[in-house]
2 protein chains.
Amino acid sequence: MQDRDEDPREPGGDTRSALIRAAIEAFGRDGYEAATTKAIAGAANANQALISYYFGSKEGLYVAAVEHIADQIGARMGPIGECVESETRRLEAELSMPVEDRRIRYFDLLCQMVDGFAEMLTDQESAAWAQVLVREQQQPGPAFDALYGRVQERVLGQMARLVARLNGESSPSAADRLTVLTIVGQVLVFRTARAAVVRFMGWETIRTQQVTRIKHAVHHNLAAMLGVEHE
Amino acid sequence: MQDRDEDPREPGGDTRSALIRAAIEAFGRDGYEAATTKAIAGAANANQALISYYFGSKEGLYVAAVEHIADQIGARMGPIGECVESETRRLEAELSMPVEDRRIRYFDLLCQMVDGFAEMLTDQESAAWAQVLVREQQQPGPAFDALYGRVQERVLGQMARLVARLNGESSPSAADRLTVLTIVGQVLVFRTARAAVVRFMGWETIRTQQVTRIKHAVHHNLAAMLGVEHE
DNA sequence: GTCTATAGTCGGATAGAC
DNA sequence: GTCTATCCGACTATAGAC
């Protein structure tokens, strides 16, 4: 009955990754304590004892799950980040470009990062990731360092550099970093306060249609905050 | 040894409220599942069995805790809310007042609400509350309705009305409500992503000094977003 | 109202056959 | 690598004396 998406009977029978996927789902939905190894093994069509075999313990599985998330996010935000960096260098080099045009390009790049962020936060596929990440923020566990180092530092840092350039500075000040956090917050709230959001907006869920409106609202705010002309 | 802040040996020996206080602490710090009735009873200098006696079950205690938080927040945000409402009515009535002055007053009221919110989120005393609330948002439990009805609906609605008036409308549009959520998000992020925040800013904790800077940054954003002249 | 003691349950980890 | 069976510890809830 309902043979699932994963078939652990593959050659090389990757039970290990099936366990990680199931773990992300479970840890995200129920939290670390409430999630049980039994349920995770069940969802992965694997045996409970294999968790110890592969990861040593429940905590080992959790760490592996968070690292896997960090990799996935890196793969997803990485391209945007690289694009931003190369584009930034190109802009630095083009000395002939007028300041105002340059600002608009920086602004576009910033919007691109925010959009990627918004899509990731609300995307169905990554819903479980987001839940895990939010939990990890509030009670940084043994997996936090890997997460922060691999993803957050890079993304936040890049946004801060863009904001700094928009403000005509060469490197980000404390005020710029604060601004970045308030920008991130404008998107993040739609995940962290999801329950209140859907009630307040009268939405049923947060789908592409809603995400579009969220992006639009945040773009509008950014343009005003940073003093950029915007349609 | 170490007789704590609370002395359950008071006349009327309010073990009940001691349990609620300890429960908020524990549920906030550890989450619902990880918090144990044994630890809660211990922290309250009470007997474990009394939890069943007073609240029926662990879940009963949790609901009581959330309701208590809702009451406390209500008591804290209530005065601001009432002030806002009476002030708003007064402004509606004063037909002679020029539009621009009126906008500035609305803006001030909005800032006041944001400030109250920011203080509450970062305040030491209410740290445990905030943790419980954030958790409850992500996985609305049996206590969510009471919470939303008593607090969030009122606060968000009030902010939305202020934003609507600032935009020259008589009642809040969907866009206004979205704006309100992005405003709330700008403050909320300092709680929900606390771990990343302190690293990114290079802070040790979030104390009054940092809160002041947060408020300042958000005020600046609000002024730009809503098109209000601001120092 | 408050206590002790314990029943009943469940989850994580391990031993050892295959 | 994967399985079954089981141990051990921890937690919630209850029974019942005071």
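Per chain, numbering begins at 1; letters A, B, ... match sequence-line order. All figures in this text were calculated on a predicted structure; none of them were measured in a lab.
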Is the phosphate of dT4(D), meaning OP1 or OP2, less than 4.0 Å from a side-chain N or O of N47(A)? yes
Figure out the OH/P separation between Y53(A) and dG16(C), and round it to whole Å. 17 Å
Of the options dT2(C), dA13(D), dA13(C), whose atoms approach the side-chain atoms of S57(A) most closely? dA13(C)
Tell me, with the steps shown, if R199(A) and D145(B) meet salt bridge (Lys or Arg N to Asp or Glu O under 4.0 Å). CA-CA 11 Å; R199(A) 278 217 197 177; D145(B) 284 315; 2.3 Å; yes
Full working for salt bridge (Lys or Arg N to Asp or Glu O under 4.0 Å) between D71(A) and R150(A): CA-CA 8 Å; D71(A) 289 344; R150(A) 285 198 216 180; 2.3 Å; yes
Output the rounded distance in Å from NZ (K38(B)) to P (dC3(C)). 15 Å
Any chance the side chains of S173(B) and D176(B) put a donor and an acceptor closer than 3.5 Å? yes
Consider the side chain of K58(B), meaning its heavy atoms from C-beta on, and name the nucleotide among dC3(C), dT12(D), dA15(C) that approaches it most closely. dT12(D)
Compare side-chain N and O positions of T37(A) against OP1 and OP2 of dG11(C) and report whether any pair is under 4.0 Å apart. no
Can you list, in residue-number order, the parts of residues 28-36 of chain B that come under 4.0 Å of DNA chain D, counting heavy atoms only? A35(B), T36(B)
Between atom CD1 in I51(B) and atom C1' in dC11(D), what is the gap in whole Å? 12 Å
Taking only residues at least two apart or on different chains, which pairs with a member in residues 180-193 of chain B satisfy side chain to side chain donor-acceptor pair (under 3.5 Å)? N221(A)-T182(B), Q186(B)-N221(B)
Tell me whether the side-chain N/O atoms of T15(A) come closer than 4.0 Å to OP1 or OP2 in dT2(D). yes
In degrees rounded to 10°, what angle is found between the helical axes fit to the five outermost pairs at each end of the helix from dG1(C)-dC18(D) to dC18(C)-dG1(D)? 0°
Taking all heavy atoms of R29(B) and all of R135(B), pick out the closest pair and write down the distance. O-NH2, 3.6 Å
Donor-acceptor check, side chain of S126(B) to backbone of W129(B), threshold 3.5 angstrom: yes or no? no
Taking CZ from F55(B) and C1' from dT12(D), how many angstroms apart are they, rounded to a whole number? 16 Å
Of the listed nucleotides (dT14(D), dA13(C), dT2(D)), which one gets closest to any side-chain atom of S52(B)? dT14(D)
Between P of dA5(D) and CD of Q48(A), the distance in whole Å: 13 Å
Looking at A49(B) and N47(B), what are the two nearest heavy atoms and their distance? N-OD1, 2.8 Å
K58(A) versus F27(A): any side-chain heavy-atom pair under 4.5 Å? yes
In whole Å, I'd like the distance from the CG atom of L50(A) to the P atom of dA15(C). 16 Å
Is the CD atom of E59(A) crowded by more than 12 outside heavy atoms at less than 6.0 Å? no
Just to confirm, is there a sub-4.0 Å distance from OP1 or OP2 of dT2(D) to any side-chain nitrogen or oxygen of Y54(A)? yes
